[in-house]
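Side chains are part of it too, since the values below use all heavy atoms of this structure and drop only hydrogens, waters and symmetry mates. We name chains A, B, ... by the order of the sequence lines, and we start the count at 1 in each one.
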Protein chains: 2
Amino acid sequence: MKQILVVDDEVRIAELCRDYLERAGYQVTLAYNGADALSLARTRHPDLIVLDLGLPHMDGLEVTRAVRTQSNVPIVMLTARVEESDKLVGLELGADDYLTKPFSPRELVARVRAVFRRIDLGPARADVIRAADVTLDVPRMQAKVGRRLVALTSTEFELLAMMMRQPGRVFTRGQLLDAVRGEQGESFDRAIDAHVKNLRRKLEPDPRNPRYVLTVYGVGYKFVDA
Amino acid sequence: MKQILVVDDEVRIAELCRDYLERAGYQVTLAYNGADALSLARTRHPDLIVLDLGLPHMDGLEVTRAVRTQSNVPIVMLTARVEESDKLVGLELGADDYLTKPFSPRELVARVRAVFRRIDLGPARADVIRAADVTLDVPRMQAKVGRRLVALTSTEFELLAMMMRQPGRVFTRGQLLDAVRGEQGESFDRAIDAHVKNLRRKLEPDPRNPRYVLTVYGVGYKFVDA
DNA sequence: ATCAATCGTGAACAGATTGTGAAGTGGATG
DNA sequence: CATCCACTTCACAATCTGTTCACGATTGAT
C-alpha cells in the first residue's frame, strides 16, 4: 500500500486530507511543522508528500529543498498564495503537482492518483542502473551485459542491483541476505554463494575469472568499480 | 454539450447564472429548492451542479449529501457565508469548488470551465495501443491479434491495456488489481491469475506457451516487449 | 611450505509460486 | 423472478526457485 505524508500546520485541513486519502486506499501520516515533516520523511520513506507551502518557522520551500537532497519522492504542493512565481519556484524544486487553497479533497485525491499513475506506469523515468558494461532496467527486471540480454530470477536481480547501486563497495553476506529476504528468516550465508554462482554463470563471460562480481576474501562480495 | 443544473432559491441569481453559462456554451436547467434539485439531478444526470448553500427547507449541504449517495457529479458551491468552517464542511462533502456571494457571473463561468478541464484532462491516454502484433482500440474496447478480432471482457481489456502501455515492464498482481478495481476492495491476487488464464485462452495461439502475456516468477506478469 | 579457514560447485531437497478446471457469488438483463 | 455472464474463490497438480549439503579448490597467515 502506498504511504503518503501530509504536512500542514492547520490541523483540520491535514485531517481532512488524511480522511480522504485513507478512504482512497492510501496509508497516511501527518506532520504539523517542517521539522517533523523532515524527520518523518527520513524515517518512514513515504511514497508521496502532500506539503503546505505556508508553514510557520520552516517554509514549505525549505522543506522541499531539504527533502530533495535526500530523495526523489514526489511532492504535491498546497498553497494559499496564487502567484505564478510561487508555482514556478515550487515546480522547479521538484513539486510534481500544485493545488491552490481552498481545494476540494476529491481533487487532491485525483491529483495524487495522477502522480502515482505517471510514476508507476509513466514513461519510466531513469530507473536504470549502469556500471561497467552491465545495465539493469529495474521496472523491466531486465539485465544486459553489453548488448546481450540476460534472464535473471528476482533474487538474482535484487542481489545484483544492490551491489551495482554502489559499485566497489563490499557487502557482507548478511547485508545481501537482508536485502533479498527483507531481513526475515535466518538462512545460511552460503545461500548467497549459490546465488553468486548462478549470477556469474549467467553474466560472466568466464565464470571462473569473474570480471563483475568479485569475491572479497573473508568479507563478502562487491561489484567491480570503474 | 455539457449539461449544468443550477440550484438557487433567488430567482434573479439563478437566471443570471443560466444566462452566462448558456452564453458560455452549456445547457442549463434551473431548480429553486432542494427537492426539485434532487429529482432533476436524478432524472437529467447533469454533468455539473451549481448549488447555493442557503436554500430554504432543505439545506444545500443536505442536498449535497443526498446527491453524493447516488453520483459523483462535480459540484460548485455558492454561499453568502464566508466562514472558513463552512468552506471546510462543503469541501468535506465533496464540493469541487467554492464561490462566495456576491460573485461575478464571469468568475462562475471560469470556475465551471476549470472544473470541466480538470475532469476532462483525466488519464489522457492514447486511443490505440499497439505492441507486438496486438492492437487495442480503447474507445471501442476492441482487441485484435494480427487480423483476428478478439472479444474481451472489460476487466480483461483493462488488464491487457495496462500491460501493453509499457511493454516489457513487469507488473505485480497488486498493481494489476489496482488498475482493474480502482484500488478499492481487497481481493485475492489469484484473481489476476484467473484473468490471465482467460486472456491467454482468448489471444494466445498456444496458451501453454504464451507469446504475449508472460509470467515473471515471484513477481507478476508482463507483456512481451520488442 | 603448510594449514586452517574460506570459497566454488553440482546435486538433491523442500518450499513457494503458478496453471487450471470447477464451483461459488453477485449483479445485470429480460 | 429466473437466467446469464463475468468475476472471484477454491483445490490440486505441475513447475520453478531458493536453500542446503558435501567435497574439492582456493586463499591468506603462520
*Asks:* S154(A) side chain N/O closer than 4.0 Å to the phosphate oxygens (OP1, OP2) of dT17(D)?
*Replies:* no

*Asks:* Would you indicate, yes or no, if dA6(D) has its OP1 or OP2 atom less than 4.0 angstrom from a side-chain nitrogen or oxygen of T155(B)?
*Replies:*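 T155(B) to dA6(D) OP1/OP2: no side-chain N or O under 4.0 Å.
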
*Asks:* What's the CZ-C1' distance between R190(A) and dT6(C), to the nearest Å?
*Replies:*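 It works out to 8 Å between those atoms.
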
*Asks:* So does D206(B) pair up with R211(B), basic N to acidic O under 4.0 Å?
*Replies:*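 Here D206(B) does not pair with R211(B) in a salt bridge, since their nearest N and O are not under 4.0 Å apart.
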
*Asks:* Does R200(B) make a side-chain N or O approach to OP1 or OP2 of dG19(C) shorter than 4.0 Å?
*Replies:* yes

*Asks:* For Y217(B) and for K197(B), locate the closest nucleotide of DNA chain D by heavy-atom distance; then report the residue assigned to the nucleotide nearer the 5' terminus.
*Replies:*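 In this pair, the answer is K197(B).
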
*Asks:* Taking the side chain of H195(A) as its heavy atoms from C-beta onward, which of dT18(C), dG8(C), dT19(D) lies nearest to it?
*Replies:*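 Of the options given, the side chain of H195(A) lies nearest dT19(D).
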
*Asks:* Kindly point out which of dC7(C), dC10(D), dT20(D) is positioned nearest to the side chain of A191(A)?
*Replies:* dT20(D)

*Asks:* Hey, does the side chain of R208(A) come within less than 4.0 Å of dT9(C)'s phosphate (OP1/OP2), counting only N and O?
*Replies:*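 For dT9(C), OP1 or OP2 has a side-chain N or O of R208(A) closer than 4.0 Å.
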
*Asks:* On DNA chain C, does the nearest nucleotide to G220(A) precede the nearest nucleotide to R173(B) from the 5' side, or the other way round? Give the residue.
*Replies:* G220(A)

*Asks:* What nucleotide among dT17(D), dG8(C), dT18(C) has an atom nearest to a side-chain atom of D193(A)?
*Replies:*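 Ranking dT17(D), dG8(C), dT18(C) by closest atom to the D193(A) side chain puts dG8(C) first.
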
*Asks:* What nucleotide among dT20(D), dG19(C), dG8(C) has an atom nearest to a side-chain atom of A194(A)?
*Replies:*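 Among the listed nucleotides, the one closest to the side chain of A194(A) is dT20(D).
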
*Asks:* Using the ring of F116(A) (Phe, Tyr or Trp, six-membered ring only), decide whether R113(A) places NZ or CZ under 6.0 Å from its centre and within 45 degrees of its axis.
*Replies:* no

*Asks:* Tell whether R201(A) reaches the base of dG8(C) with its side chain through a donor-acceptor pair below 3.5 angstrom.
*Replies:* no

*Asks:* Between R169(A) and D225(A) (salt bridge meaning N to carboxylate O under 4.0 Å), is one present in this structure?
*Replies:* no

*Asks:* Heavy-atom nearest nucleotide on DNA chain D for T153(B) versus E156(A): which residue maps closer to 5'?
*Replies:*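 Between the two, 5'-proximity favours T153(B).
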
*Asks:* Applying the side-chain contact (heavy atoms from CB on, under 4.5 Å) test to L159(B), which of V213(B), T153(B), I192(B) qualifies?
*Replies:*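 Option passing the side-chain contact (heavy atoms from CB on, under 4.5 Å) with L159(B): I192(B).
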
*Asks:* Just the rounded figure in Å: distance from P of dC7(C) to NZ of K222(A).
*Replies:* 14 Å

*Asks:* May I ask you to verify if any side-chain N or O of Y221(B) is less than 4.0 angstrom from the OP1 or OP2 atom of dG19(C)?
*Replies:* yes

*Asks:* Is the closest side-chain donor-acceptor distance between Y212(A) and D133(A) under 3.5 Å?
*Replies:*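 Side chains of Y212(A) and D133(A): pair found under 3.5 Å.
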
